[in-house]
Participant: 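Got a structure here, written out as structure tokens. Questions coming.
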Amino acid sequence: MTNEQHRHFAALARAVAENRDRAAFTELFDPFAPRINAYLRRLALDPGQAEEVTQEVMVVLWRKAALFDPAKSSLATWLFRVARNRRIDLKRRDKSDRTDHEDPIFQPDEPPAPDEALSAEQRDERIRDALQSLPEEQLELVRMAFYAGLSHSQIAEETGVPLGTVKSRIRLAFGRLRQAIESDGRIDTDFGEDRP
């Protein structure tokens, strides 16, 4: 690159740093992103990793362009140094070279038997039907407790409903669910009512 190009790129980086200038960023992204990606692939990153690290480098340019000092290096040198450091970080984090892919934890589970799958579908359908039979104020609390994972105290805080009322509505909801599901007689009804 010529000195004039270096000065132009430095001016663009300054525009990004000072004004969050999108046009300047695009003008830098277009020539540098493909070169950084090619550099990372030459350093033995697979295409997906190279693309990911390239995006990280360009995010650094967008967010931290003020750290670039044209008196110390060219923008190209700075960006390639960031890319090299990100690649080193990635390799340090990457434990896949030490993973035993034959370990049973990485083996897929056997698919359920057809009758088990059908039973699970029927159970899920029955639970959905039972949930729809709940009054709205109980259904909402059950959703917050089991789908959003909130504790009774968090639900009370978020809804403004007193804690005792939250607990009693959820208890009533479990009673109604248990009744609806037990009338079918095929479903385990342990709902874990004693949530904190």
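For this chain, numbers begin at 1 and follow the sequence in order.
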Participant: Any non-hydrogen side-chain atom of Arg20 less than 4.5 Å from a side-chain atom of Trp62?
Facilitator: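 Yes. Closest side-chain heavy atoms under 4.5 Å.
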Participant: Just verifying a value: how many Å separate His8 NE2 and Glu27 CD, rounded to the nearest 0.5 Å?
Facilitator: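 Atom-to-atom, His8:NE2 and Glu27:CD are 3.5 Å apart.
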Participant: If you round to the nearest 0.5 Å, how far is OG1 of Thr54 from CZ of Arg86?
Facilitator: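 Arg86 atom CZ to Thr54 atom OG1 measures 12.0 Å (nearest 0.5 Å).
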Participant: Starting at CZ of Phe68, measure out to CZ of Arg81 and round the result to the nearest 0.5 Å.
Facilitator: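 If we round to the nearest 0.5 Å, Phe68:CZ and Arg81:CZ are 10.0 Å apart.
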Participant: Considering only residues two or more places apart or on different chains, which pairs with a residue in residues 143-154 satisfy salt bridge (charged side-chain N to carboxylate O under 4.0 Å, His left out)?
Facilitator: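 Residue pairs with at least one partner in residues 143-154: Glu136-Arg143, Glu140-Arg143.
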Participant: Less than 4.5 Å apart, any side-chain heavy atom of Arg176 and any of Pro135?
Facilitator: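 Yes, at least one pair of side-chain atoms sits under 4.5 Å.
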Participant: Within a reach of under 6.0 Å around CD of Glu157, are more than 12 heavy atoms found that belong to other residues, nucleotides or ligands?
Facilitator: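 No, not enclosed.
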Participant: Where is the tightest heavy-atom contact between Ala13 and Leu28, given as atom of each residue plus distance?
Facilitator: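 Of all heavy-atom pairs spanning Ala13 and Leu28, the closest is N-CD1, 3.7 Å.
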Participant: What's the separation between atom NE2 in His152 and atom OG1 in Thr165, rounded to the nearest 0.5 Å?
Facilitator: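 The NE2 atom of His152 sits 12.5 Å away from the OG1 atom of Thr165.
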Participant: Taking all atoms of both residues into account, what is the closest heavy-atom pair of Pro162 and Ala156, and its distance?
Facilitator: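 Of all heavy-atom pairs spanning Pro162 and Ala156, the closest is C-CB, 4.3 Å.
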Participant: Following the transitive rule for hydrophobic clusters with a side-chain heavy-atom cut-off under 4.5 Å over Ile, Leu, Val, Met, Phe, Trp and Tyr, establish whether Leu150 and Leu131 coincide in one cluster.
Facilitator: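 Same cluster: Leu150 reaches Leu131 through Ile, Leu, Val, Met, Phe, Trp or Tyr contacts under 4.5 Å.
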Participant: Any side-chain heavy atom of Leu61 within less than 4.5 Å of one from Phe29?
Facilitator: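 No, side chains not in contact.
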Participant: Find the distance between CZ (Arg7) and OG (Ser74) and round it off to the nearest 0.5 Å.
Facilitator: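 These two atoms lie 13.0 Å from each other.
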Participant: Is Ile155 reachable from Leu163 through a run of hydrophobic residues whose side-chain heavy atoms are each under 4.5 Å from the next?
Facilitator: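 They do not share one cluster, since no chain of ILVMFWY contacts under 4.5 Å joins Leu163 to Ile155.
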Participant: Which heavy-atom pair separates Ala65 from Trp78 by the least distance, and what is that distance?
Facilitator: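 Taking Ala65 first and Trp78 second, the nearest heavy atoms are CA-CH2, 4.4 Å.
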Participant: Distance-only check: which donor-acceptor pairs under 3.5 Å involve side-chain atoms of residues 32-47, not counting sequence neighbours?
Facilitator:
unit_1	atom_1	unit_2	atom_2	d
Asn37	ND2	Glu51	OE1	3.0
Asp46	OD1	Gly48	N	2.9
Asp46	OD1	Gln49	N	2.7

Participant: Would you name the heavy atoms of Val142 and Ala173 that are closest together and state the gap between them?
Facilitator: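 Closest heavy-atom pair between Val142 and Ala173: CG2-CB, 3.6 Å.
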Participant: Would you confirm whether Gln55, through its side chain, and Glu52, through its main-chain N or O, come within 3.5 Å as a donor-acceptor pair?
Facilitator: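 Looks like no, no N/O pair under 3.5 Å.
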Participant: Applying a strict under-4.5 Å side-chain criterion to I, L, V, M, F, W and Y, I'd like to know whether Leu172 and Phe174 cluster together.
Facilitator: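 Shared cluster, no.
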Participant: Could you go through Val161 and Arg169, starting from their C-alpha distance and side-chain angles, then the distance that decides it, and tell me whether this counts as side-chain contact (heavy atoms from CB on, under 4.5 Å)?
Facilitator: CA-CA 10 Å; Val161 174; Arg169 285 183 182 170; 4.2 Å; yes
Participant: Once salt bridge (Lys or Arg N to Asp or Glu O under 4.0 Å) is applied, do any residues pair with Glu18, and if so which ones, sequence neighbours excluded?
Facilitator: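 For Glu18, no residue satisfies salt bridge (Lys or Arg N to Asp or Glu O under 4.0 Å) once neighbours in sequence are set aside.
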Participant: Treating Ile, Leu, Val, Met, Phe, Trp and Tyr as nodes and any side-chain heavy-atom pair under 4.5 angstrom as an edge, say whether Ile88 and Val60 lie in one connected cluster.
Facilitator: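 The answer is no; the residues belong to distinct hydrophobic clusters.
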Participant: Could you state whether Phe80 and Val59 fall into the same hydrophobic cluster, counting links through intermediate Ile, Leu, Val, Met, Phe, Trp or Tyr residues with side-chain heavy atoms under 4.5 angstrom apart?
Facilitator: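 No, separate clusters.
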Participant: So Lys167 and Ile170, side-chain contact (heavy atoms from CB on, under 4.5 Å) or not? Walk me through it.
Facilitator: CA-CA 5 Å; Lys167 289 181 177 185; Ile170 290 177; over 6 Å; no
Participant: Return the CD to CG distance between Glu158 and Leu141, rounded to the nearest 0.5 Å.
Facilitator: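 Output value for this atom pair is 10.5 Å.
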Participant: Taking it one step at a time, do Arg92 and Asp89 satisfy side-chain contact (heavy atoms from CB on, under 4.5 Å)?
Facilitator: CA-CA 5 Å; Arg92 284 183 184 147; Asp89 292 343; 3.9 Å; yes
